[in-house]
S.K.: 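Take this structure first; my questions come after.
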Amino acid sequence: MSESGGIEACPGEASRPTTPRPVRDGLLLGLAVGVSGLAFGAAAVGSGLNVLQTCVLSLLAYTGASQFALAGTIAAGGSLFAGSAGAILLGSRNTLYSLRLAGLLRVRGAAKLVLAQGVTDESTALALAQPDQRSARAGFQATFISLYLTWNAATLAGAIGAGSIGSPQSFGLDVIGPAAFLALIWPRLSAGRTERLVGAGGAAIAIATTPLLPPGAPIILAAAAALAGAFATGDAAS
Amino acid sequence: MSGAWIAVLVTSAGCYALKLAGLTIPERLLSNHLLRRFAELVPVALLAALVAVEAVGKGGALVFDPARLAGLAAAVVALLLRAPFLVVIIAAAGTAALLRLAGVG
């Protein structure tokens with residue numbers, strides 16, 4: 001690959017000093033969303049993970065919803081196995097994202113190992129919104145770099161902050177996790193009737209089975225609502 | 001190694017492998033409409049389930065915690081007003097904290 005990505009000089013438009021739009025948009029998106037790592041850091045420490053474990057999750061798992069899910073299951077007293085299984089199941093959508101992105105990014109070898117980590121809701125959304133392949137690649141990389149750095153710095157700050165203020169409950173830290181999930185699915189719930197029915201179905205399955213199953217298991221079972229929704233709309237050309 | 005560390009590392013490895021898999025396996029899998037629709041809907045079902053369980057669950061039992069529910073109601077109001085992510089979080093945590101300070105829940 002001849003170009004190393006990032007910002008390139010554009011000879012035909014030498015008078016234009018601005019950063020290319022996908023790069024600028026990606027950097028801003030990463031900063032804005034990455035700050036919410038504060039909420040994860042606080043929620044994870046509130047759930048009983050230590051600061052190092054919290055930071056390792058942000059560095060290595062690097063996928064917000066799964067990280068909140070693991071912390072939430074631990075906070076609820078669930079088994080660690082159920083917590084990991086639920087978190088990994090939540091991360092399965094990233095496979096679909098990277099399937100979509102494979103054709104756009106066209107990376108091989110070691111670069112693939114690095115860029116794979118950058119596949120998130122945000123980088124995917126920004127890359128797919130670009131008009132051409134080069135912009136998509138630049139936007140993806142900018143979002144990845146900006147979001148990765150901000151998310152991890154914010155996680156550390158949130159984890160240290162939460163550890164120094166005593167009882168998590170009195171500061172409402174136990175509400176951060178569910179409020180964050182709600183904010184994350186809000187745009188999807190607004191997307192259509194099927195999404196709202198699947199959301200309601202998932203919630204109903206989880207509440208109904210909470211007294212019967214070990215904590216964490218009801219979350220995994222809720223995937224049945226997604227399967228039902230997929231079958232129900234599978235024939236329609238939606 | 002403690003159980004929490006194993007959970008952290010297993011989760012990390014699993015999440016990374018899932019991202020890498022999509023860059024590696026053939027793209028034609030995506031043409032399966034059912035699979036694609038399922039993948040679109042999985043986050044909705046799982047995250048809604050998490051919201052519900054964390055709203056009314058505690059250690060495998062159903063509980064009624066007015067401060068927690070009021071915090072989530074504040075989040076809904078903030079979302080309806082199209083508030084940014086952090087404002088939603090602060091509204092939720094702040095409402096629960098203030099109510100508990102006032103002796104509710």
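Quantities reported herein were computed from a predicted structural model and do not represent experimental measurements.
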S.K.: Counting distance only, does the side-chain N/O of A/S98 pair as donor-acceptor with the main-chain N or O of B/K19 below 3.5 Å?
M.R.: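 Present.
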S.K.: With chain A, which of B/V44, B/I90, B/V56, B/T24 has the greatest number of heavy-atom pairs at distances under 4.5 Å?
M.R.: B/V44
S.K.: Take B/V10 and A/I88 through the side chain to side chain contact (heavy atoms under 4.5 Å, CB included) test and state the conclusion after the steps.
M.R.: CA-CA 9 Å; B/V10 165; A/I88 291 171; 4.2 Å; yes
S.K.: Can you check whether A/Q53 reaches B/S2 side chain to side chain, under 4.5 Å on heavy atoms?
M.R.: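 When only atoms from C-beta onward are counted, B/S2 and A/Q53 do touch, with a gap below 4.5 Å.
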S.K.: Which heavy atom of B/T11 sits nearest to which heavy atom of A/A87, and what is that distance?
M.R.: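 Here B/T11 and A/A87 meet closest at CG2-CB, 3.6 Å.
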S.K.: Which heavy atom in B/A45 sits nearest to a heavy atom in A/V198, and how many Å separate them?
M.R.: CB-CG1, 3.7 Å
S.K.: Between A/A85, A/A226, A/G199, who has the most heavy-atom pairs with chain B when the cutoff is under 4.5 Å?
M.R.: A/A226
S.K.: Say you draw a straight line from OG1 of A/T233 to CG of B/L41; how long is it, rounded to the nearest 0.5 Å?
M.R.: 6.0 Å
S.K.: With no hydrogens and no angle check, is any side-chain donor or acceptor of A/T210 less than 3.5 Å from a backbone partner on B/G57?
M.R.: no
S.K.: How close do A/A61 and B/C15 get, heavy atom to heavy atom, and via which atoms?
M.R.: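 A/A61 and B/C15 have their closest heavy atoms at O-CB, 4.1 Å.
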S.K.: Start with the C-alpha gap between B/Y16 and A/L60, add the side-chain angles, then the distance that decides, and say whether side chain to side chain contact (heavy atoms under 4.5 Å, CB included) holds.
M.R.: CA-CA 7 Å; B/Y16 177 72; A/L60 299 184; over 6 Å; no
S.K.: Please state whether the side chain, the backbone, both or neither of A/I207 comes within less than 4.5 Å of a heavy atom of chain B.
M.R.: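 For A/I207, backbone and side chain are both near chain B.
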S.K.: Would you list the pairs meeting side-chain hydrogen bond (donor to acceptor under 3.5 Å, both in side chains) in which at least one residue belongs to residues 56-74 of chain A, sequence neighbours left out?
M.R.: A/S58-A/Q67, A/S58-A/W151, A/S58-A/T155, A/T63-A/N94, A/Q67-A/W151
S.K.: Hey, could you give me the CG/CZ distance between B/L23 and A/R108, rounded to the nearest 0.5 Å?
M.R.: 10.5 Å
S.K.: Compare every heavy atom of B/A75 with every heavy atom of A/A179, then report the nearest pair and how far apart it is.
M.R.: CB-CB, 4.1 Å
S.K.: At a 4.5 Å cut-off on heavy atoms, which part of A/L113 comes close to chain B: side chain, backbone, both, or neither?
M.R.: both
S.K.: Specify which of B/G94, B/A93, B/A96, B/A74 makes the most heavy-atom pairs with chain A at under 4.5 Å.
M.R.: B/A93
S.K.: Given that the side chain runs from C-beta out, which part of A/A39 has a heavy atom under 4.5 Å from chain B: side chain, backbone, both or neither?
M.R.: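 For A/A39, side-chain heavy atoms alone lie under 4.5 Å from chain B.
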S.K.: Among B/L18, B/L69, B/V51, which residue has the highest count of heavy-atom pairs closer than 4.5 Å to chain A?
M.R.: B/L18
S.K.: Side chain, backbone, both or neither: which part of B/T95 has a non-hydrogen atom closer than 4.5 Å to chain A?
M.R.: neither
S.K.: For B/E54, which residues count as a salt bridge (charged side-chain N to carboxylate O under 4.0 Å, His left out) partner, sequence neighbours excluded?
M.R.: none
S.K.: Which atom names give the shortest non-hydrogen contact between A/V56 and B/S12, and what distance separates them?
M.R.: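 Taking A/V56 first and B/S12 second, the nearest heavy atoms are O-OG, 4.3 Å.
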S.K.: Under a 4.5 Å cutoff for heavy-atom pairs, which residue among A/I74, A/I205, A/L89 has the most contacts with chain B?
M.R.: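 Of the options given, most contacts go to A/L89.
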S.K.: Ignoring hydrogens, what is the shortest heavy-atom contact between A/A203 and B/A48? Give both atom names and the distance.
M.R.: CB-O, 3.8 Å
S.K.: With chain B as the partner, which of A/L221, A/I176, A/L90 has the greatest number of non-hydrogen pairs under 4.5 Å?
M.R.: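 Of A/L221, A/I176, A/L90, A/L90 has the most heavy-atom pairs under 4.5 Å with chain B.
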S.K.: Counting heavy-atom pairs under 4.5 Å to chain B, which of A/P178, A/G202, A/A204, A/G91 comes out on top?
M.R.: A/P178
S.K.: Can you tell me which residue among B/L47, B/L80, B/V88 is in a side chain to side chain contact (heavy atoms under 4.5 Å, CB included) with A/W186?
M.R.: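 Going through the options one by one, the only one that passes is B/L80.
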S.K.: Tell me, with the steps shown, if A/L52 and B/W5 meet side chain to side chain contact (heavy atoms under 4.5 Å, CB included).
M.R.: CA-CA 10 Å; A/L52 188 60; B/W5 267 117; 3.8 Å; yes
S.K.: Counting heavy-atom pairs under 4.5 Å to chain B, which of A/G83, A/P211, A/A65 comes out on top?
M.R.: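 Top count of heavy-atom pairs under 4.5 Å with chain B: A/P211.
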S.K.: Side chain, backbone, both or neither: which part of B/V42 has a heavy atom under 4.5 Å from chain A?
M.R.: both
S.K.: Rounded to the nearest 0.5 Å, what's the gap from CD1 on A/I219 to CG on B/L46? Could you check?
M.R.: 7.0 Å
S.K.: Tell me, for A/L189 versus chain B, whether the close heavy atoms (under 4.5 Å) come from the side chain, the backbone, both or neither.
M.R.: side chain
S.K.: Take A/Q117 and B/L20, measure what side chain to side chain contact (heavy atoms under 4.5 Å, CB included) needs, and give me the verdict at the end.
M.R.: CA-CA 7 Å; A/Q117 181 69 322; B/L20 188 60; over 6 Å; no
